[in-house]
Protein chains: 2
Amino acid sequence: MRLAKELKEMPKKRWTLDDIREYFAQHEIRISVYRLKIFEYLINERTHPTAEEIYRQLKKELPSLSPGTVYNTLRYFLEKKIIQQVNVENNEARYDATLSWHGHLKCLGCGKVFDVHIENLKLGGLEGFEIFEKHLGLKGLCPECLKRKKY
Amino acid sequence: MRLAKELKEMPKKRWTLDDIREYFAQHEIRISVYRLKIFEYLINERTHPTAEEIYRQLKKELPSLSPGTVYNTLRYFLEKKIIQQVNVENNEARYDATLSWHGHLKCLGCGKVFDVHIENLKLGGLEGFEIFEKHLGLKGLCPECLKRKKY
DNA sequence: CAAAATATTAAAATGAGTATAAATTTATAT
DNA sequence: ATATAAATTTATACTCATTTTAATATTTTG
């Protein structure tokens with residue numbers, strides 16, 4: 001059994017634009033066309049895309065979109081805490097609309113980023129510190145790439 | 001190599017240039033003034049500096065040093081696996097000459113990066129994957145900054 | 001609907017990091 | 001110690017992701 005399968009089995013239905021409108025309202029996020037579409041892309045595709053990937057995909061559908069908007073909107077979503085940043089590779093920021101505590105594995109063969117379930121984590125020596133964020137990033141090869149020797 | 005482990009486990013506080021020369025020889029790393037000084041800075045200061053910080057500090061002592069040398073040398077050390085990259089913040093690569101498995105906490109008050117001891121980590125759903133690297137990065141506040149309300 | 005507030009655009013700026021070719025340093029063989 | 005070849009370093013120019021700016025457009029509010 002693979003991780004990807006486990007996550008797919010979780011019955012998460014696709015969000016409609018109205019679901020997102022409601023979610024934005026709950027989080028005091030002003031509505032605009034691009035905010036709705038960018039969030040929709042993140043929450044429904046779940047591929048942990050970079051800003052550039054989001055721009056490239058949405059540009060097809062919304063030709064007047066500019067890269068700056070994608071970057072600004074993602075930064076705004078981070079401030080509002082409705083998305084989290086994924087940084088496995090330090091030269092590319094990726095984004096995830098799933099807020100639960102989990103790790104990320106980047107396959108060095110195909111570049112895909114997989115979610116990793118963290119069953120247990122125990123840290124030492126943090127007495128007196130206050131922790132706001134935890135990020136676990138792995139690098140390796142996915143079963144597909146191992147099978148096809150794509151590396 | 002046989003001697004590498006012995007050296008790694010040596011209870012030596014500060015490394016001398018001769019210690020580093022020996023260590024380089026064991027790892028088949030050619031010696032040069034800058035390589036010695038850059039590694040010395042990493043291993044003795046243990047502040048998880050960025051390339052820019054290393055450049056700025058060493059420039060005082062070695063005025064002809066150029067930034068490219070610092071970047072190239074760090075990349076070379078990574079290839080030779082005598083240092084590891086630390087990425088808590090995805091827009092700044094930091095480096096650590098300690099190779100043991102541990103996490104890093106960046107204080108959002110003072111910007112210092114602290115080592116975090118990982119007592120236990122259990123991941124799920126990685127059957128069929130091959131893992132090469134694991135990185136744990138935390139963001140929070142250190143006791144000093146909490147006390148002085150520097151945030 | 002009009003005014004005010006906020007979002008978006010396109011372009012320029014920034015900043016980390018890389019590539020390159022010429023100059024310098026290092027390892028080695030004399 | 002010196003000559004030589006190989007590797008490293010410098011300086012510069014570049015790339016690429018992201019941010020900022022200032023003008024324009026859209027959304028919200030009265």
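Order of the sequence lines sets the chain letters (A, B, ...), proteins ahead of strands, with each chain counted from 1. These numbers were taken from a predicted model, which means no experiment stands behind them.
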Asks: When you measure from the side-chain N and O atoms of A/T69 to the phosphate of C/dT8, is any distance below 4.0 Å, counting only OP1 and OP2?
Replies: no
Asks: With a 4.0 Å limit, can you tell me whether B/Y71 has a side-chain N or O closer than that to the phosphate oxygens OP1/OP2 of C/dG17?
Replies: yes
Asks: In whole Å, what is the span from the OH atom of B/Y55 to the P atom of D/dA11?
Replies: 8 Å
Asks: Taking only Lys NZ, Arg NE, NH1 and NH2, and the carboxylate oxygens of Asp or Glu, determine whether B/E89 and B/R94 approach each other closer than 4.0 Å.
Replies: no
Asks: In this structure, would A/I20 and A/I38 fall into the same cluster of hydrophobic residues linked by side-chain contacts under 4.5 Å?
Replies: yes
Asks: Nearest 0.5 angstrom please: B/F39 CZ to B/I54 CD1, how far?
Replies: 11.5 Å
Asks: So does B/R75 get a side-chain nitrogen or oxygen closer than 4.0 Å to the phosphate oxygens (OP1/OP2) of C/dG17?
Replies: no
Asks: In whole angstroms, how far is the P atom of D/dA17 from the CD atom of A/E89?
Replies: 13 Å
Asks: Using whole Å, report how far CD of A/E92 lies from P of C/dT18.
Replies: 14 Å
Asks: Give the intermediate values and the outcome of salt bridge (Lys or Arg N to Asp or Glu O under 4.0 Å) for residues A/E144 and A/K112.
Replies: CA-CA 11 Å; A/E144 200 64 21; A/K112 283 203 195 99; over 6 Å; no
Asks: Enter the inter-axis angle for the ends of the helix from C/dC1-D/dG30 to C/dT30-D/dA1 (five pairs per end, rounded to 10°).
Replies: 30°
Asks: Round to a whole Å and report the spacing from CG of B/N91 to C1' of D/dA17.
Replies: 10 Å
Asks: Nearest whole angstrom, please: distance from the P of C/dA16 to the CG of A/N90.
Replies: 13 Å
Asks: Kindly say if A/S64 contacts the phosphate of C/dT8, meaning a side-chain N or O under 4.0 Å from OP1 or OP2.
Replies: no
Asks: Flag this pair as yes if the NZ/CZ of A/R35 is under 6.0 angstrom from the six-membered ring centre of A/Y76 and inside a 45 degree cone about the axis; otherwise no.
Replies: yes
Asks: Specify the residue among B/Y76 and B/K59 whose closest nucleotide of DNA chain D lies further upstream toward the 5′ end.
Replies: B/Y76
Asks: With a 4.5 Å cut-off on side-chain heavy atoms, are A/L78 and A/Y95 touching?
Replies: yes
Asks: Is A/R56 paired with A/E52 through a side-chain N to carboxylate O contact shorter than 4.0 Å?
Replies: yes
Asks: Starting at atom CD of B/E52, determine the distance to atom C1' of C/dG15, rounded to an integer number of angstrom.
Replies: 10 Å
Asks: What distance do A/H27 atom NE2 and A/E22 atom CD have between them, rounded to the nearest 0.5 Å?
Replies: 10.5 Å
Asks: Rounded to whole Å, how long is the line connecting atom NZ of B/K80 with atom C1' of D/dT8?
Replies: 14 Å
Asks: Hey, can you pull the residues of residues 24-42 of chain A with a non-hydrogen atom under 4.0 angstrom from DNA chain D?
Replies: A/R30, A/I31, A/V33
Asks: Look at B/E45 together with B/R14 and state whether they make a salt bridge at an N to O cut-off of under 4.0 Å.
Replies: yes
Asks: A/L74 CG to D/dT18 P: how many Å, rounded?
Replies: 9 Å
Asks: Which is more 5' along DNA chain C, the nucleotide nearest B/R94 or the one nearest A/L65? Just name the residue.
Replies: A/L65
